[in-house]
Amino acid sequence: ERGRTGKLRKIGNTPKLVDFTYVDDAAAAHLLAAKHLSPGSSISGRVFFISQGRPMPLWDFIGRVMEAADLPAITSSVSPWLAYAAGWLSEGLYRFLPLKGEPRITRFLAEELSTAHWFDISAARRELGYEPQMSMEEGFRRLREWLHHQDTG
């Protein structure tokens, strides 16, 4: 909704790398893990990071989502500290006033949108045989197709 109304703002101007996972790849990773599980298995109780394995700047990703949805590009930004302060204030207002819904910004959201966060998937590759199958380009193509189907169908 904020993208449609032009109210979405980037938080910060420094590119922060984030990695994503296409849902088909997440499902395939779960099936691989299930295939490797057995009593006493070396992967029992282990945690594996699953992603596309190719982090990209967060706001480039969000821009591509906006593009797929035929929404205008994000053209303005706010500093991370201002977004965090706004989140703190919003959380307080929602906590103490009888406001419905959720705050438009929270400290958690401000932190997530202004911090790099991606993980090493080499253990999943090595021990599960996981390899992402969905390219970012194909994922965005499918997203665009799905969004356009929602508008017409």
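All values reported here derive from a predicted model rather than from experimental measurement.
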Can I get a per-line list of side-chain donor-acceptor pairs under 3.5 Å for residues 77-86, giving both atom names and the distance, sequence neighbours left out?
unit_1 : atom_1 : unit_2 : atom_2 : d
Ser77  : OG     : Asn13  : OD1    : 3.0
Ser79  : OG     : Trp81  : NE1    : 3.1
Ser79  : OG     : Leu82  : N      : 3.2

With hydrophobic residues grouped by side-chain heavy-atom distances under 4.5 Å, do [X] and [Y] end up in a single group?
X      : Y      : result
Leu97  : Trp88  : yes
Leu31  : Leu37  : no
Trp118 : Met134 : no
Leu113 : Leu17  : no
Phe96  : Leu99  : no

Checklist entry - Less than 4.0 Å between a side-chain N and a carboxylate O, is that true for Glu1 and Lys7? => result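 Answer for the salt bridge query: no.
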Got [X] and [Y] here, is their nearest side-chain heavy-atom distance under 4.5 Å?
X      : Y      : answer
Arg142 : Trp146 : no
Val18  : Met56  : no
Asp24  : Gln133 : no
Glu127 : Arg46  : yes
Ile105 : Ile11  : yes
Arg64  : Met136 : no
Thr115 : Leu58  : no
Ile50  : Phe119 : no

May I ask you to check whether over 12 heavy atoms, not counting those of [X], lie within 6.0 Å of atom [atom1]?
X      : atom1 : value
Arg54  : CZ    : no
Arg4   : CZ    : no
Glu102 : CD    : no
His30  : NE2   : no

Checklist entry - Considering all heavy atoms of both residues, which atom of Leu109 and which atom of Arg104 are nearest to each other, and what is their separation? => result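 Nearest heavy atoms, Leu109 then Arg104: CD2-O, 3.8 Å.
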Next on the checklist: Could you work out, with side chain to side chain donor-acceptor pair (under 3.5 Å) as the rule, every residue matching Ser44, not counting sequence neighbours?
Outcome noted: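 With neighbours one apart ignored, the set is empty.
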Item to check | Audit row: Asp19, Phe49, side chain to side chain contact (heavy atoms under 4.5 Å, CB included) steps and yes/no | outcome: CA-CA 11 Å; Asp19 207 349; Phe49 292 110; over 6 Å; no
Checklist entry - Angle class for the Phe61/Phe140 ring planes (parallel below 30°, perpendicular above 60°, tilted otherwise)? => result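 It falls in the tilted class, 30° to 60°.
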Checklist entry - What's the verdict on side chain to side chain donor-acceptor pair (under 3.5 Å) for Asp70 and His148, showing C-alpha distance, side-chain angles and the deciding distance? => result CA-CA 9 Å; Asp70 293 325; His148 285 253; 3.0 Å; yes
Checklist entry - Going through the checks in order, is the salt bridge (charged side-chain N to carboxylate O under 4.0 Å, His left out) test met by Glu138 and Arg141? => result CA-CA 5 Å; Glu138 177 63 11; Arg141 187 197 67 73; 2.6 Å; yes
Checklist entry - So how far is it from Glu145 CD to Leu143 CG, rounded to the nearest 0.5 Å? => result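 That separation rounds to 10.0 Å.
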Checklist entry - Judged by atom type as modelled, is there a donor-acceptor pair below 3.5 Å linking the side chain of Gln52 to the main-chain atoms of Ser135? => result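 Side chain of Gln52 to backbone of Ser135, a donor-acceptor pair under 3.5 Å: no, none is there.
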Checklist entry - Taking Ser41 for the side chain and His36 for the main chain, is one N or O donor matched with an acceptor at less than 3.5 Å? => result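 Yes: the side chain of Ser41 pairs with the backbone of His36.
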Item to check | salt bridge (charged side-chain N to carboxylate O under 4.0 Å, His left out) involving Asp60 - partner list, sequence neighbours excluded | outcome: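 Expected list: none.
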Checklist entry - What's the verdict on side chain to side chain contact (heavy atoms under 4.5 Å, CB included) for Leu8 and Leu71, showing C-alpha distance, side-chain angles and the deciding distance? => result CA-CA 11 Å; Leu8 185 59; Leu71 296 174; over 6 Å; no
Checklist entry - Taking it one step at a time, do Ile121 and Phe48 satisfy side chain to side chain contact (heavy atoms under 4.5 Å, CB included)? => result CA-CA 7 Å; Ile121 65 170; Phe48 294 92; over 6 Å; no
